[in-house]
Amino acid sequence: MSYTGSLLNFINSSTSAYHAVLTAQNYLLRNHFVNLNLSDDWQLNAEQKYFVKVYDSTLIAFIPHQNLRDGMRIAVSHTDFPCLKLKPKAQVLQDGYGKLNAEVYGGMILNTWLDRPLSLAGKVVLKSEDVFNPKVEFIDFKRPLLTVPNLAVHMDRTINTGKALNKQKEMLPLAFMQTDEMADRDCLLSLLSQQIHCEKEAVLSYDLTVYQAENPCYLGFNSEFISAPRLDNLTSVKACVEGIVADKRKTGLDVIVLFDNEEVGSRTKQGGASLLLANVLERIYQACGYSRAAFLADLAKSFMLSVDVAHALHPNYPEKNDITNKPILNHGVAIKTAASQSYAGDAEAVAVIKSICDRYKIDYQLYVNRSDIAGGSTIGSIASALLTMRTLDIGAPILAMHSARETMGKIDQRSLEFLVRAFFEGL
């Protein structure tokens, strides 16, 4: 229960990409990692543990061992999740109701967000004397504030035959009742300023995530399942953090990367399709006294794990999975492959991870998309193309991926964390 219990706590505190990074940061600090600034010149010591935050929603942690040139081991995951995000000037007053104008972030299953208690978390940016360095406050209301109400069946008799929701009209959260005093007042800005104890006029901008506020829980006759929001991809974020904290290698360079913006394609300054990771790795080499040529040569003897959730066999839709490669909940980590390379990997990479699993008695399964279903993609194929490094995609199998609540097997988090720890074990 310690693995799943700590996962539930991790999920509860990681209510936005920013808060996932803050949660990881606090855990790393407690385990003697040193915080670096991306804009500083780095002076690094062998065997010291470091991390650097990138624009607050991405985090890279690393340990440069004494013999740095014994290859890199890198585990990557992502901090973001499909959700609603508030637009600027979000307040909408209509017929006595106060709603918030929101846009869809990522490929969320829209109707799973209806009629749920929702809250807000993210970043608020305030005025400061230095215009190029505004003040940043992180905010999480930690209580239900919003809901997106369904339409009663009496008003739409076709609702159970399948309904396409209009993202602009039907996904706006209800936030408050309008009163006469609110006519000329921005209630969202007032709420934000009250929460962070500042003048309303000091708020310049925000990046606010609407998140599902119901707590994670165990379910099943024997509590064998976990039902929770944000399993995609906080299961993997936590496994990566646990892996680098437990690192036991004595040589090489060990790294975890918690990227942002995977759910919208990764092509951002802090995403997996940027030069961020390559630049940071090269900076580590240079700070440790090695050349760019050494860095490029060592890529060839390095390995990356791309850690993201996988599709479990659905009990009501078994035909949606491949006919021979179909992970089941509570049967171990899924090793994901695709001929199209939408999942990164090759035969040697699969063999390496299978061998680690066999040595440490870690349960694993294989996942391949049905040939007539495209499926999704991960950071692995993107990042490995930029780094030309052997890479494999793995993850915990889940049901209802991109729903407001997803379901996983309780045992599978343990298997995933064991595998990432073994990856950094120093075999």
Side-chain angles (χ1 to χ4, degrees), residues 76-78 80-83 104-113 158-167 225 231-233 235-236 261-267 271-273 304-351 353-354 357 363-385 390-409 412 415-416:
V76 302
S77 58
H78 65 88
D80 61 322
F81 53 93
C83 61
V104 171
Y105 176 90
M108 58 190 283
I109 304 176
L110 299 181
N111 61 15
T112 66
W113 286 73
T158 67
I159 198 166
N160 290 320
T161 62
K163 177 180 174 64
L165 294 170
N166 184 288
K167 296 177 183 178
F225 306 116
L231 291 178
D232 180 9
N233 192 29
T235 58
S236 306
N261 302 132
E262 190 274 345
E263 298 293 359
V264 291
S266 295
R267 296 185 65 84
M304 184 189 302
L305 272 184
S306 171
V307 193
D308 203 345
V309 292
H311 295 290
L313 177 71
H314 197 296
N316 296 337
Y317 301 93
E319 70 280 2
K320 293 295 184 180
N321 281 73
D322 183 62
I323 59 176
T324 58
N325 301 281
K326 40 192 178 185
I328 299 172
L329 299 185
N330 284 314
H331 283 246
V333 178
I335 296 174
K336 304 187 284 184
T337 61
S340 68
Q341 289 295 295
S342 57
Y343 302 132
D346 55 26
E348 289 91 339
V350 172
I353 299 307
K354 280 187 174 182
C357 289
D363 291 332
Y364 68 87
Q365 311 171 78
L366 302 178
Y367 178 80
V368 184
N369 289 317
R370 272 184 63 106
S371 299
D372 54 358
I373 296 178
S377 61
T378 68
I379 299 168
S381 56
I382 297 169
S384 63
R390 176 156 279 144
T391 302
L392 188 67
D393 269 294
I394 66 165
I398 69 169
L399 296 170
M401 190 184 297
H402 289 196
S403 173
R405 286 186 80 92
E406 299 156 324
T407 300
M408 70 178 292
D412 293 332
S415 298
L416 182 65

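For clarity, every value in this text was computed on a predicted model and none was experimentally measured.
For Asp80 (side chain) and Asn261 (main-chain N/O), a donor-acceptor pair under 3.5 Å exists by modelled atom type. Between the side chain of Ser236 and the backbone N or O of Val307, at least one donor-acceptor pair lies under 3.5 Å. For Lys336 (side chain) and His311 (main-chain N/O), no donor-acceptor pair under 3.5 Å exists by modelled atom type.
Side-chain atoms of Glu262 and Asn233, non-hydrogen and from C-beta on, never get closer than 4.5 Å to each other. Counting heavy atoms from C-beta on, the side chains of His314 and Lys320 never come closer than 4.5 Å. Considering only heavy atoms from C-beta on, Ile328 comes within 4.5 Å of Gln365 through its side chain. When side chains are defined from C-beta on, Pro315 counts as touching Leu399, because their heavy atoms get closer than 4.5 Å. Between Ile379 and Asp308, the closest side-chain pair of non-hydrogen atoms is not below 4.5 Å.
A side-chain contact (heavy atoms from CB on, under 4.5 Å) with Val368 is found for exactly one of Thr324, Thr337, Asn321, namely Thr337.
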Residue pair Thr378, Val76: steps toward the side chain to side chain contact (heavy atoms under 4.5 Å, CB included) verdict
CA-CA 10 Å; Thr378 68; Val76 302; over 6 Å; no
Start with the C-alpha distance between Glu263 and His402, add both sets of side-chain angles, then the distance that settles side chain to side chain contact (heavy atoms under 4.5 Å, CB included), and finish with yes or no.
CA-CA 10 Å; Glu263 298 293 359; His402 289 196; 3.2 Å; yes
What do the steps show when you test Thr391 against Asp393 for side-chain hydrogen bond (donor to acceptor under 3.5 Å, both in side chains), and what is the final call?
CA-CA 7 Å; Thr391 302; Asp393 269 294; over 6 Å; no
Show the numbers, then the answer: is there a side chain to side chain contact (heavy atoms under 4.5 Å, CB included) between His78 and Asp232?
CA-CA 9 Å; His78 65 88; Asp232 180 9; 3.4 Å; yes
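Listed here is the closest heavy atom pair of Ser384 and Ser381: OG-O, 3.4 Å. The heavy-atom pair separating Pro397 from Asp412 by the smallest distance is CG-OD2, 3.9 Å. In this structure, Met408 and Thr235 approach most closely via the heavy-atom pair SD-CG2, 3.7 Å. Nearest heavy atom pair, residue Met108 against residue Cys83, reads SD-O, 3.1 Å. Between Ala310 and Ala334, the shortest heavy-atom contact is CB-CB, 3.6 Å.
For residues 368-383, the pairs satisfying salt bridge (Lys or Arg N to Asp or Glu O under 4.0 Å) are Arg370-Asp372, with sequence neighbours left out.
Every residue meeting the side-chain contact (heavy atoms from CB on, under 4.5 Å) condition with Lys354, not counting sequence neighbours, appears here in chain and number order: Ile335, Val350, Tyr364, Leu366.
Within a 6.0 Å sphere centred on CD1 of Ile323, other residues, nucleotides and ligands contribute 12 heavy atoms or fewer.
To the nearest 0.5 Å, the span separating CG on Leu305 from CG on Leu392 amounts to 6.5 Å. If you take CG on Asn369 and CG on Asp322, they are separated by 8.5 Å, rounding to the nearest 0.5 Å. To the nearest 0.5 angstrom, Ile394 atom CD1 is 7.5 Å from Cys357 atom SG. Separation of atoms CD (Glu406) and CD1 (Ile109) is listed at 8.0 Å; rounding is to 0.5 Å.
The aromatic rings of Tyr367 and Tyr343 sit perpendicular, their planes meeting at an angle over 60°, well past the 30° parallel limit.
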